[in-house]
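Numbering of residues begins at 1 and proceeds along the displayed sequence.
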Amino acid sequence: MTMELPAIAQIVAALAAAMLISFIATPVVKSLAEKVGAVDVPKDNRRMHKHPIPRMGGLAIFLGFLLSTLVFVPLSTPLRGMLVGSIIIVILGIIDDIHALPAMPKFIVQIVAALIAVLHGNVIEVLSNPNIFSDNPYWVLGPWAIPISVIWIVAITNAVNLIDGLDGLAVGVATISSLTMLVIAMLVSDNLVALMMAALAGSCIGFIPYNHNPAKIFMGDTGSTFLGFVLATVSIQGLFKFYTIISFAVPFLMLGLPLFDTCFAILRRISKGQNPMSPDRSHVHHRLIDMGFNQKQAVAILYVISAILGLSAVVLTTSGALKAMVLLCALCFAGLIAAKISMSHAEHHEKPEEEKEAADHVAESHDHLRDPAGGGEDGSSGEGAGEQTGD
């Protein structure tokens, strides 16, 4: 199936409108963030930046998406539920970016927002059985549909939030994921999902010039949780509803990077006897920095990984079930090997905490000697101007 030219033109218009609105709104939001005190001050070694930087930039992304969606996308009941839920998520993010809320109240509000979206029709009712040799090709979730849908939305909301640790990382990964879903929607002629993803991709692209390294503004929890919420909700509308193998594989491939990082972080903390929600400095982007890559290189590597996963998701939409399963298994196997290598490298090269603190102190002293103003060697904000508001 192919989309007609008027539909493609409408998709392009939705993307362009969202991009323009987000680009224009970001400086205004930056000024607002500074006035209300939504500023990220580096206070621990998880932060990659060295100077206070305004956050709450996700409000500009939200405005671009909202206005473009209201103009180009017909309002349906599932869309209304998603928009109401996203407004709740954005309000929660704004408050958190200003006052730093505890984790439990945020988690409860996220569940409420997800439940609103689910009760308005954004429900995973059927899953394809990944076992292609089974006599039952589908799993009808029945009474489990609502709780599983809520868990999916809350999980992706927090997964995107957790990778928000370097300049441009989360917004770039969200852009790749939304473009992936846009292409898939166009391949299957799902005009509504294509328009929503065009609006989301456009709003992210409009924000990127202000967020790439060195960032002028962070999107904060306002942006990272909003992006995760919308990607999760629209994936239910546009991916899980296909009664084929792609309904199981594509969402996990499309959102593979944040999902892998979140699962790995939770397992790592549990294995150490820590609270699964406790923050640390061992996310995949932190590990790349510790391996010697600078911020731009680390972000580029993660962009490539996300793009490969997105391309695999697109390929799966046109492949048979057997080929899809073989490719998925191969990708999972490659991911396990990469995780093992990463863990081995960390075990052999990770310094004791006291040694790390001493090294950080020496590095800061050297930076001070090079540049009394506290910037990088070139007088800018330095390589370390990054985001870590998400964890």
Side-chain angles (χ1 to χ4, degrees), residues 12-34 36 38-40 48-49 53-72 86-87 89-91 93-94 96-98 157 160-182 195-231 234 257-258 285 295-296 299-300 302-303 306-307 310 381 385-390:
V12 173
L15 190 149
M19 181 174 62
L20 184 62
I21 294 169
S22 176
F23 183 79
I24 294 174
T26 300
V28 179
V29 171
K30 181 175 181 291
S31 299
L32 176 63
E34 292 171 339
V36 300
V39 178
D40 192 286
M48 303 303 296
H49 59 290
I53 297 178
R55 52 192 177 194
M56 204 173 79
L59 182 58
I61 298 175
F62 169 72
L63 291 174
F65 173 80
L66 178 65
L67 295 177
S68 179
T69 299
L70 291 176
V71 170
F72 293 99
S86 66
I87 290 171
I89 290 294
V90 168
I91 292 174
I94 291 173
D96 187 45
D97 284 338
I98 298 174
T157 298
V160 176
N161 189 25
L162 287 175
I163 65 165
D164 187 17
L166 297 177
D167 292 350
L169 176 56
V171 71
V173 170
T175 302
I176 294 169
S177 297
S178 56
L179 289 174
T180 298
M181 205 184 309
L182 169 61
L195 286 170
M196 284 187 283
M197 286 297 94
L200 189 66
S203 60
C204 290
I205 293 170
F207 181 73
I208 287 177
Y210 303 97
N211 190 233
H212 68 76
N213 184 262
K216 302 177 182 65
I217 183 173
F218 298 156
M219 63 179 178
D221 277 16
T222 305
S224 58
T225 53
F226 164 72
L227 291 175
F229 184 87
V230 173
L231 285 169
V234 179
L257 181 59
H285 48 272
Q295 277 207 66
K296 292 180 179 178
V299 170
L302 295 175
Y303 277 3
S306 187
S381 59
E387 289 182 69
Q388 185 54 39
T389 61

Considering only residues two or more places apart or on different chains, which pairs with a residue in residues 16-33 satisfy side chain to side chain donor-acceptor pair (under 3.5 Å)?
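Passing the test, one end in residues 16-33: K30-E34.
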
Would you call the rings of F65 and F226 parallel, tilted or perpendicular, where under 30° means parallel and over 60° means perpendicular?
perpendicular

How long is the gap from [atom1] on [X] to [atom2] on [Y], to the nearest 0.5 Å?
X    : Y    : atom1 : atom2 : value
S68  : I21  : OG    : CD1   : 6.5 Å
T180 : M197 : OG1   : CE    : 10.5 Å
I176 : L182 : CD1   : CG    : 13.5 Å
T175 : L200 : OG1   : CG    : 7.5 Å
L169 : L302 : CG    : CG    : 5.5 Å
F62  : I89  : CZ    : CD1   : 11.0 Å

Heavy-atom pair with the smallest gap, counting every atom of [X] and [Y]:
X    : Y    : answer
A201 : L179 : CB-CD2, 3.7 Å
N211 : M219 : ND2-N, 4.4 Å
M56  : V29  : O-CG1, 3.2 Å
A174 : L227 : CB-CD1, 3.7 Å
V160 : S224 : CG1-O, 3.5 Å

K216: partners by salt bridge (charged side-chain N to carboxylate O under 4.0 Å, His left out), with sequence neighbours left out
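So K216 forms no salt bridge (charged side-chain N to carboxylate O under 4.0 Å, His left out) with any residue.
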
Would you say the side chain of [Y] lies within less than 4.5 Å of the side chain of [X], judging by non-hydrogen atoms?
X    : Y    : answer
I163 : V173 : yes
V230 : M196 : no
L66  : V90  : no

Donor-acceptor pair, distance only, cut-off 3.5 Å: does the side chain of T225 make one with the backbone of T157?
no

Are the side chain of D40 and the backbone of F218 linked by a donor-acceptor contact shorter than 3.5 Å?
no

Set out, in order, the CA-CA distance, both residues' side-chain angles and the distance that settles side chain to side chain contact (heavy atoms under 4.5 Å, CB included) for L195 and T69, then state yes or no.
CA-CA 7 Å; L195 286 170; T69 299; over 6 Å; no

Stepwise side chain to side chain contact (heavy atoms under 4.5 Å, CB included) test for F23 and I205
CA-CA 8 Å; F23 183 79; I205 293 170; over 6 Å; no

Any donor-acceptor N or O pair under 3.5 Å, side chains T222, D97:
yes

Run the numbers on V39 and R55 for side chain to side chain contact (heavy atoms under 4.5 Å, CB included), then give the verdict.
CA-CA 5 Å; V39 178; R55 52 192 177 194; 6.0 Å; no

